[in-house]
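What follows is a single structure, written as structure tokens, with notes after it.
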Amino acid sequence: MHSTLSFSQATTVPTTNYAFHSQSPINLRFCGLRREAFGISILTRSSSGRVRLSTRGRSKRTSASTGNNGTPPKSFDYDLIIIGAGVGGHGAALHAVEKGLKTAIIEGDVVGGTCVNRGCVPSKALLAVSGRMRELQSEHHMKALGLQVSAAGYDRQGVADHANNLASKIRSNLTNSMKALGVDILTGFGTIVGPQKVKYGKVGFTDNVVTAKDIIIATGSVPFVPKGIEVDGKTVITSDHALKLEFVPDWIAIVGSGYIGLEFSDVYTALGSEVTFIEALDQLMPGFDPEISKLAQRVLINPRKIDYHTGVFATKITPARDGKPVIVELTDAKTKEHKDTLEVDAALIATGRAPFTYGLGLENINVVTQRGFVPVDERMRVIDANGNLVPHLYCIGDANGKMMLAHAASAQGISVVEQVTGRDHVLNHLSVPAACFTHPEISMVGLTEPQAREKAEKEGFEISVAKTSFKANTKALAENEGEGLAKLIYRPDNGEILGVHIFGLHAADLIHEASNAVALGTRIQDIRFAVHAHPTLSEVLDELFKSAKVSFGSFLHCSQELLNFYLLRFCDYVLIRHKLLPGLES
């Protein structure tokens with residue numbers, strides 16, 4: 001569904017950025033944006049022909065002075081400079097060129113950032129291998145399909161090469177796409193030296209200084225390693241090292257049971273390793289919906305060569321040396337007392353990621369990071385130490401900490417480009433999906449059930465939960481993959497979708513119907529009429545939405561087309577009751 005919003009006086013934007021032909025007031029139509037994100041009243045055209053835009057939500061002031069950091073240049077080398085050429089920077093650059101902006105992107109390492117070179121891309125190559133191995137190793141699964149397969153094996157270097165080759169290919173594609181569109185790729189480490197001014201260069205060479213009307217920080221993140229853990233890159237490793245797959249240990253401890261830890265446990269166990277999870281909280285997979293976590297543990301953890309310690313910190317980890325194994329010291333998370341000592345062949349530190357913002361020159365524009373993250377508002381505009389907005393400076397992706405996902409960074413970058421080209425835009429982060437590529441997969445969008453219940457209690461509404469099983473899906477059964485669950489959390493009074501969580505075959509692909517529904521503000525009473533091909537896995541969501549129980553009043557929130565449909569059916573009912581439409585009683 002679309003929300004029609006009206007705008008009125010405040011900041012001015014040239015009408016050349018719009019195709020406005022109507023008289024004031026002007027109505028605009030927005031998709032996927034929450035009303036509360038705008039606080040916008042009306043958009044009017046002044047006598048000079050300029051459009052004036054007012055937002056109630058923009059309460060922060062913009063810094064008027066530049067302090068001791070100089071004055072902004074009067075002319076610019078570029079319309080937009082992006083510091084960091086990861087997925088977020090790449091997405092912003094391509095959209096900027098599409099909008100007609102002269103764009104440059106600064107990269108001190110390699111194009112593609114963490115995702116392409118040390119994250120999502122190579123890890124999916126390893127997970128593709130683990131998925132095939134898991135199928136071939138499952139005698140029960142093969143027999144159920146009538147297949148006979150001899151003992152499955154793998155070549156470690158071949159698997160590592162597959163991951164490396166994929167990363168190289170995607171990195172090349174990203175580089176070529178930017179070059180083809182005219183994006184200038186500036187090599188070196190970028191540092192902000194003043195308002196709308198950046199220097200870049202390689203160590204040992206003279207720095208270059210460039211200016212831009214707007215600047216986006218998109219420097220990403222690095223693996224977070226807690227104190228007391230000694231990483232040698234061989235036996236005590238982070239995800240950066242693990243993706244190279246230089247060896248497959250017999251026994252590996254994985255510190256952290258989030259997305260990264262779960263995915264690597266899938267890879268290592270498929271390749272023959274035993275895994276021990278070390279989790280600081282009282283349960284595994286703490287970031288997932290509790291019901292999904294419980295099912296995932298039953299399928300992904302318990303049947304495999306995995307054990308775990310919860311409620312403990314790995315306070316000290318010493319790499320293997322002099323013929324001795326890796327030593328892991330465990331401390332009780334509550335009492336802080338020593339609890340156990342593990343001797344393993346390797347340890348993977350999967351305790352999350354930390355923003356890579358050191359050396360950006362933020363002190364030159366009076367910006368102070370918060371735990372390393374660059375403070376921003378809902379429009380990704382950077383906030384200085386005094387709480388004022390820094391003019392023409394934005395920060396997207398892992399560096400701002402709002403949602404540390406590659407596709408969220410790209411969406412934020414596109415949102416920023418929309419703003420600098422004259423169209424206000426606020427990304428609804430509750431509509432951004434997330435996925436864990438285990439076998440089977442886990443995906444989600446929106447709130448977990450505990451989060452939704454907390455929100456409902458604060459705001460005074462009821463929530464309901466609907467569930468469907470993959471065991472009732474024809475396509476899943478044909479694949480002999482009936483283990484899975486889809487869960488919908490919603491408001492029965494108006495049909496609003498608060499959260500969707502899926503565990504099962506191709507869950508990462510299935511979630512997008514739900515995430516798009518959240519982004520577009522589509523209510524259950526609308527989406528339940530969508531038609532799905534049969535037999536497909538998408539029917540899991542079809543059944544999920546159809547099983548939701550919404551009140552009659554919620555149908556007043558549906559689209560005009562569906563409202564007309566319901567009114568016609570009601571009229572038919574009245575006419576039939578009064579015997580004015582004979583023959584239609586059936």
Side-chain angles (χ1 to χ4, degrees), residues 1-7 29-41 54-60 286-293 375-380 400-405 408 411-412 415 424-434 443-467 486-502 511 513-528 541 544-559 562-563:
M1 289 179 65
H2 299 279
S3 300
T4 301
L5 302 177
S6 297
F7 294 86
R29 200 171 265 262
F30 287 84
C31 295
L33 305 175
R34 292 179 294 173
R35 289 183 177 87
E36 63 268 22
F38 291 98
I40 300 171
S41 50
S54 170
T55 67
R56 292 188 298 269
R58 299 190 183 190
S59 58
K60 292 197 177 294
F288 299 91
D289 182 87
E291 190 170 6
I292 295 296
S293 294
V376 297
D377 69 356
E378 72 279 4
R379 290 174 174 80
M380 309 304 130
N400 70 33
K402 279 186 173 290
M403 197 172 199
M404 299 178 79
L405 297 169
Q412 290 173 1
S415 178
D424 191 39
H425 187 280
V426 176
L427 175 66
N428 177 6
H429 286 83
L430 287 176
S431 72
V432 178
S443 64
M444 66 217 69
V445 67
L447 304 175
T448 63
E449 186 175 343
Q451 289 170 340
R453 293 197 181 281
E454 182 180 355
K455 178 182 174 69
E457 185 174 346
K458 284 182 179 179
E459 299 181 14
F461 62 83
E462 297 293 325
I463 70 164
S464 293
V465 175
K467 304 171 195 175
K487 177 177 180 179
L488 167 66
I489 306 156
Y490 66 99
R491 288 183 59 165
D493 60 333
N494 63 11
E496 180 185 358
I497 299 170
L498 300 175
V500 175
H501 303 263
I502 309 172
I511 195 63
E513 180 175 0
S515 66
N516 287 337
V518 175
L520 297 172
T522 307
R523 305 291 172 130
I524 292 170
Q525 53 270 30
D526 281 347
I527 200 170
R528 70 195 309 171
L541 284 183
L544 182 66
F545 292 127
K546 283 181 167 61
S547 67
K549 308 296 183 186
V550 292
S551 64
F552 178 78
S554 65
F555 283 83
L556 298 178
H557 293 273
C558 65
S559 66
L562 280 174
L563 188 58

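Under a 3.5 Å cut-off, the side chain of Y490 and the backbone N or O of V500 do not form any donor-acceptor pair. Judged by distance alone, the side chain of E378 and the main-chain N or O of L427 form no donor-acceptor pair under 3.5 Å. Under a 3.5 Å cut-off, the side chain of K546 and the backbone N or O of R528 do form a donor-acceptor pair. In terms of modelled atom types and a separation under 3.5 Å, the side chain of H501 and the main chain of L447 share a donor-acceptor contact. The closest donor-acceptor contact from the side chain of S551 to the backbone of P492 lies under 3.5 Å.
In terms of the side chain to side chain donor-acceptor pair (under 3.5 Å) criterion, E496 has no residue partners (sequence neighbours excluded). Under the rule for a ring pair (Phe, Tyr, Trp, His ring centres under 6.0 Å), the partners of F288 that lie at least two apart in sequence or sit in another chain are Y259. In this view, E457 satisfies the side chain to side chain contact (heavy atoms under 4.5 Å, CB included) rule with no residue, not counting sequence neighbours. Shown here are the side chain to side chain contact (heavy atoms under 4.5 Å, CB included) partners of A486, two or more places apart in sequence or in another chain: T468, I502, V540, L544. Under the salt bridge (Lys or Arg N to Asp or Glu O under 4.0 Å) criterion, E513 pairs with no residue at all, not counting sequence neighbours. Under the side chain to side chain donor-acceptor pair (under 3.5 Å) criterion, K402 pairs with no residue at all, not counting sequence neighbours.
Using a 4.5 Å heavy-atom threshold, the side chains of E454 and K458 count as touching. Residues Q412 and N400 are in side-chain contact: their nearest non-hydrogen atoms beyond the backbone lie under 4.5 Å apart. Residues L498 and F461 have side chains in contact (heavy-atom distance under 4.5 Å, counting atoms from C-beta outward). Between I497 and T522 there is no side-chain heavy-atom pair separated by less than 4.5 Å.
Across all non-hydrogen atoms, the minimal contact from A408 to M403 is CB-O, 3.7 Å.
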